[in-house]
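Just below is one structure, and these are the notes that go with it.
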Amino acid sequence: MDNSGFSVRGVLAGEAPGDAPVTVKGWVRTRRDSRAGISFVHLSDGSSFHPLQVVAPSTLPNYEAEILRLSAGCAVEATGRIVPSPARGQPFEMQASALRVVGWVDDPETYPIQPKPHTLEFLREVAHLRPRTNVIGAATRVRHTLAQAIHRFFDRNGFFWVNTPIITASDAEGAGALFRVSTLDLANLPRTPAGEIDFAQDFFGREAFLTVSGQLNVEAYCLALTKVYTFGPTFRAENSNTSRHLAEFWMIEPEIAFADLSDNATLAERLLKYTFENLLSERQEDLAFFDERIEKGLIAKLERIVGSEFVRMDYGEAVAVLERAKGEKFEFPVKWGIDLQSEHERYLTEKYAKKPVIVMNYPKAIKAFYMRVNDDGRTVAAMDVLAPGIGEIIGGSQREERLEVLDQSMAERGIDREHYAWYRDLRRYGTVPHAGFGLGFERTLAYSTGLANVRDAIPFPRTPGNARY
RNA sequence: UCCCCGGUAGCUCAGUGGUAGAGCAAGCGGCUGUUAACCGCUGGGUCGAUGGUUCGAAUCCGUCCCGGGGAGCCA
């Protein structure tokens, strides 16, 4: 395998020598013929948003037989000199001295990726071919850059990346329905004398599931390494059919020791700003495309977030703001104690603040058992970061570090403390205040690109009834 | 899971009871340092499936399947 060739990105950046031929490999986007005796073949290898224009003269030996038959999607290997382009549209182009066809397209009429705009809904039905489009190619590059920036942020701030397990026996309470992991024979399940399924005979000797969150596990590492985070896949078996939910998605979950909710909110804000700032400088071409075709004003939106303070408000203040909202007809009436509905979150971040809002200190009754009870006894140190256009992008809390309070919270919710024995141990041996949050990676990508649906923010989306690819 | 909207050519859609259409794509021809190229011609359809109403159904009704939007749940 010869990988010595140049990438399209490198050529367009002017990295190719002007006095010697280079080889570029990729897939044909379009072909236009000129009777002056040349064809223009636009070649993409995914390395950059823009394709390389290959100018193929009719004097090439395979011109009639092959080059005039090239259609969108053909794989080719082009060799030639890189010259400044005499026409507008690209800084450099290739004067081809050879254009070899590596792979033909069987039937050009039915090749799904045509040189025209497609709907994102259609592209989801050809998930294996959609990375060849401008929009999914750009989203893929932005996804990579986001991930790199997130890792870089944590690394530079002294965090350790902890790989929490994907198979787990504990469910982070309230985080949603679980996918079961089992090697039992479904057609012939072992039974206990009482007639129950005998999971003691299953692979792990007990019930096991795909993780819904690495939080509980990463807390254990936080209480030894101080600053840690997870970045990996998580799974929810909820029958959710919305533009914001996936059955399999990636989540970033930092956890910091000797820290409270305010430290947590500061960390969330810094992480988002750093990430967007890096994205703006490293993915200009792709963002320009999203700004032009997907969401007008996207770049200005990201710049505004980098340059402004997030709004912080207590849950109580948020309720007051919503109650004062004149001319807003909420489907769900607002009063202290309710969980904020999508319409409420949307009002706060899109109409009231017009930027990300961190809502803190929610009523205890609507939040999870591990969240730290505040001194007022009726709220917990929980926070949600709400972003315009996407809603809740981060959910987090200061964790309850006091064993007796934790036990009380579990008891109030009817949770078996034996089931969380190891988690309780963390409060028995050197407990400290600590806090963390979960950042939905696909939601962040959707927000960063203007894509309205997280199904376009992950390569192969898994949703109820859909795992074909 | 609930509510709403859709499913017609490879793609995007029009057609709302009387012989199935357009643009793009594809094929052929013309023209052109072209770049969402342009001009002409041609091929291409079980109108999601199924049952019903009707002289006649893409069109009206029932059921089912699939897609999307919203809600709930959450990241």
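So you know, we letter chains A, B, ... as the sequences are listed, proteins then strands, and number each from 1.
Computed from coordinates, the A/K367 NZ to B/rA75 C1' distance equals 11 Å when rounded to whole Å. Straight-line distance from the CG atom of A/D456 to the C1' atom of B/rG68: 12 Å, rounded to whole Å. Here B/rC73 presents its P atom at 12 Å from CG of A/D384, a figure rounded to the nearest Å. As a whole-Å value, the separation of A/Q95 CD from B/rG33 P is 14 Å. Atom pair A/L178:CG and B/rA75:P shows a separation of 14 Å (rounding to whole Å applied). Summarising the geometry, the separation between CD on A/Q53 and P on B/rA36 is reported as 11 Å, rounded to the nearest angstrom. What separates CD1 of A/I113 from C1' of B/rA26 is a distance of 16 Å, to the nearest Å. With rounding to whole Å, A/R29 atom CZ is found 21 Å from B/rC24 atom P.
Taking a 4.0 Å limit (strictly below) on heavy-atom distances, residues 239-252 of chain A reaches RNA chain B at A/N239, A/S240, A/N241, A/T242, A/S243, A/R244, A/H245, A/L246, A/F249, A/M251. For residues 439-455 of chain A, proximity to RNA chain B is found at A/G440, A/R443, A/N453, A/R455, defined as any non-hydrogen atom under 4.0 angstrom from a strand atom.
Closest approach of A/L451 to A/I294, counting heavy atoms only: N-CG2, 3.8 Å.
Listed by first and then second residue, the side chain to side chain donor-acceptor pair (under 3.5 Å) pairs involving residues 259-268 of chain A are A/T266-A/R312 (not counting sequence neighbours). Annotation: salt bridge (charged side-chain N to carboxylate O under 4.0 Å, His left out) contacts involving residues 50-73 of chain A, sequence neighbours excluded, are absent.
Listed by chain and number, the residues in a ring-ring contact (aromatic ring centres under 6.0 Å, His included) with A/H118 are A/F122 (sequence neighbours excluded). With sequence neighbours excluded, no residue forms a side chain to side chain donor-acceptor pair (under 3.5 Å) with A/S409. In this structure, A/Y63 has no ring-ring contact (aromatic ring centres under 6.0 Å, His included) partners at least two apart in sequence or on a different chain. Shown here are the ring-ring contact (aromatic ring centres under 6.0 Å, His included) partners of A/F249, two or more places apart in sequence or in another chain: there are none. By the ring-ring contact (aromatic ring centres under 6.0 Å, His included) test, A/F159 is found to be paired with A/F154, residues two or more places apart in sequence or in another chain being considered.
Phosphate proximity of B/rG68 to A/R124: present, with a side-chain N or O under 4.0 Å from OP1 or OP2. One finds no side-chain N or O of A/Q114 lying less than 4.0 angstrom from the OP1 or OP2 phosphate oxygen of B/rA26.
The pair A/E125-A/R468 fails the salt-bridge criterion, with no side-chain N (NZ, NE, NH1 or NH2) lying under 4.0 Å from an Asp/Glu carboxylate O. The existence of a salt bridge linking A/E269 and A/K273 is confirmed by a sub-4.0 Å separation between a basic side-chain nitrogen and an acidic carboxylate oxygen.
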Using the 3.5 Å cut-off, write out each protein N or O paired with an N or O of nucleotides 42-47 of chain B and the distance between them.
residue, atom, partner, partner atom, Å
B/rG43, N2, A/E109, OE1, 3.4
B/rG43, N2, A/E109, OE2, 2.8

Anything under 3.5 Å between a protein N or O and an N or O of nucleotides 12-15 of chain B, put it in a table, one pair a line.
residue, atom, partner, partner atom, Å
B/rU12, OP1, A/T119, OG1, 2.9

Where do N or O atoms of nucleotides 37-40 of chain B meet protein N or O atoms at under 3.5 Å, pair by pair?
residue, atom, partner, partner atom, Å
B/rA37, OP2, A/R32, NH1, 3.2

Query raised in the report: Taking it one step at a time, do A/Y420 and A/Y370 satisfy ring pair (Phe, Tyr, Trp, His ring centres under 6.0 Å)?
Result: CA-CA 11 Å; A/Y420 290 91; A/Y370 50 75; 9.2 Å; no

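Residue whose closest nucleotide on RNA chain B sits further toward the 5' end, between A/L340 and A/P108: A/P108.
One cannot find a donor-acceptor pair under 3.5 Å joining the base of B/rG48 and the side-chain atoms of A/E125.
Figure legend: cation-pi geometry between A/K301 and A/Y447, with NZ or CZ positioned under 6.0 Å from the six-membered ring centre and within 45° of its axis.
No side-chain N or O of A/R455 forms a donor-acceptor pair with one of A/N466 less than 3.5 Å apart.
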